[in-house]
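Everything on this sheet refers to the single structure shown next.
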Amino acid sequence: MKSSFVTLAGRPSSGKSTLINQICGHKVSIVSRTPQTTRNIIRGVYTESRGQLVFQDTPGYHLSDKKLNVELKQITETAVDDAELILYVVDCMREPGEEEKKILEYLSAGNTRIVVALNKTDSLELPEPNKSITLESLGNFLRKNLKKIHRERDVAVVNVSARTGEGVKELLDAMFEFAPEGEQMYPDDIYTDQDVSFRISEIIREKAINRTREEVPHSMYVEIADIEMNGTPPDEQLWVRAFLVVESESQKGILIGSAGEKIRAIKAAAKREIKGIFPYPVTLDLRVKVNKNWRKKGNLLKGLINQG
Ligand SMILES: Nc1nc2c(ncn2[C@@H]2O[C@H](COP(=O)(O)OP(=O)(O)OP(=O)(O)O)[C@@H](O)[C@H]2O)c(=O)[nH]1
Ligand SMILES: [Mg+2]
């Protein structure tokens, strides 16, 4: 059987997490319109008759000197360096800017086989698509840059829509073609190996990101203060006490909202999703607190990005 770790790479918001979720058939990694949503290496498992692919989602590759961004770039680079197979996700609606060129430089310096997913092809059907680039010219540009080191047979380019699933079958064909023979790494029914506490914290973070704007999504992290499983099967109940942590009192005010409206909406949305994932009732106690300048605190950052 075929068996491989597949490391995703690409700019922020290119659709890496959406694609993993589409392939694995489950919500494995959180998604938002805000760039730099993913902050951890998150695994999603896809198993079928040809074999098993273990996808590793990564933070979007973003050029910035800020401490958090530097740490995120570092974990993406390490994951790419260690990769068995790379799935490089490119937003076909965006011109390849400085970041895309840096990623190409980085990817073409290694000799790992690469499958390029030209993503968001569904957007080409919008009334006013970006006319300055075509799928063909973008594909050629990427192939040309990756071919510096890679032999032609080590790069495949596939057009997909992570949102609709169009092209995902062809993408899987290309990945199974490149994947080595090996042993199955996870049982058939496992689609992710994230622990309960991390998954819950990510769901809360997604619901908060999707209800805030500008700097607030980047200024948040989630702290699970307590998590307890009470009762005995089949009457177990999960009890969670969590904090949405922000950098300032004004951000705290935004997250709480007028008369607590915003935090209640975040909590309700998070509870709905948590309920759909775990087979037991969940009680969530969610509050907001401030940790000034947390994005400059090295140990805290390392702890946050190394969970999962
Ligand atoms: N139209 C369209 N939108 C997509 C597609 N894939 C992803 N998106 C949207 O693009 C945005 C970013 O998606 P994510 O999956 O969070 O992107 P990401 O690459 O994981 O982003 P980071 O974690 O920030 O690096 C979201 O609003 C998605 O809904 C697609 O195939 N078509
Ligand atoms: Mg992501």
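Note that ligands are numbered from 1 as they come in the structure, with each ligand's atoms numbered from 1 the same way.
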message: Any N/O/S atom from Thr38 (main chain or side chain) under 2.8 Å of the Mg ion (ligand 2)?
response: yes
statement: Taking only non-hydrogen atoms of Ala162 and a 4.0 Å limit, the atoms of ligand 1 in range are 6 (N), 31 (O)
query: Is the CD atom of Glu166 crowded by more than 12 outside heavy atoms at less than 6.0 Å?
result: no
field: N/O/S from Ser17 sitting under 2.8 Å away from the Mg ion (ligand 2)
entry: yes
message: How far is atom 24 (O) of ligand 1 from the closest protein heavy atom, and which atom is that?
response: Gln36 N, 2.6 Å
- request: Would you check whether Gly60 has a nitrogen or oxygen atom less than 3.5 angstrom from a nitrogen or oxygen atom of ligand 1?
  value: yes
Crowding at CG, Asp226 (>12 non-hydrogen neighbours, <6.0 Å): yes
Identity and separation of the nearest protein heavy atom to atom 6 (N) of ligand 1: Asn119 ND2, 3.2 Å
message: For ligand 1 and Asp57, I'd like to know whether there is a polar contact (N/O to N/O, distance under 3.5 Å).
response: no
- request: Examine the proximity of ligand 1 to Arg163 and report which part, side chain or backbone, both or neither, has a heavy atom under 4.0 Å away.
  value: both
message: Please compare Gly167, Pro35, Ser32 and report which has the shortest non-hydrogen distance to atom 16 (O) of ligand 1.
response: Ser32
query: Side chain of Ser32, backbone of Thr34: donor and acceptor closer than 3.5 Å?
result: yes
message: Given Lys16, Lys120, Arg39, identify the one with the heavy atom nearest to atom 8 (N) of ligand 1.
response: Lys120
- request: Looking only at protein heavy atoms, identify the closest one to atom 17 (O) of ligand 1 and say how far it is in Å.
  value: Gly15 N, 3.2 Å
field: Protein contact to atom 21 (O) of ligand 1 [nearest heavy atom, distance to 0.1 Å]
entry: Ser13 N, 2.9 Å
Ionic contact status for Lys73 with Glu77, cut-off 4.0 Å: yes
statement: In ligand 1, the atoms that come under 4.0 Å of a heavy atom of Asp122 are 1 (N), 2 (C), 30 (C), 31 (O), 32 (N)
message: I'd like to know whether CD of Glu261 has more than 12 heavy-atom contacts from other residues, nucleotides or ligands below 6.0 angstrom.
response: no
query: Does Pro59 reach ligand 1 with a nitrogen or oxygen that is under 3.5 Å from one of the ligand's nitrogen or oxygen atoms?
result: no
query: Would you call Arg50-Asp173 a salt bridge at under 4.0 Å N-O?
result: yes
task: Among all protein heavy atoms, pick out the one at the shortest distance from atom 13 (O) of ligand 1; state its residue, atom name and that distance to 0.1 Å.
output: Thr18 OG1, 3.5 Å
message: Is there a polar contact between ligand 1 and Val160, counting only N or O atoms under 3.5 Å apart?
response: no
task: Decide if atom CZ of Arg295 counts as having more than 12 heavy atoms of other residues, nucleotides or ligands within a radius under 6.0 Å.
output: yes
Under-4.0 Å salt bridge between Glu202 and Arg205: yes
query: Can you list the atoms of ligand 1 that are under 4.0 Å from a heavy atom of Arg33?
result: 27 (O)
- prompt: Taking N or O atoms only and a 3.5 Å limit, does Ser14 qualify as a polar contact for ligand 1?
  reply: yes
Carboxylate-amine/guanidinium contact Glu223 Lys289, below 4.0 Å: yes
- prompt: Are more than 12 heavy atoms from other residues, nucleotides or ligands located less than 6.0 Å from atom CD of Glu177?
  reply: no
query: Any chance NZ of Lys2 has more than 12 other-residue heavy atoms, nucleotides or ligands included, within less than 6.0 Å?
result: yes
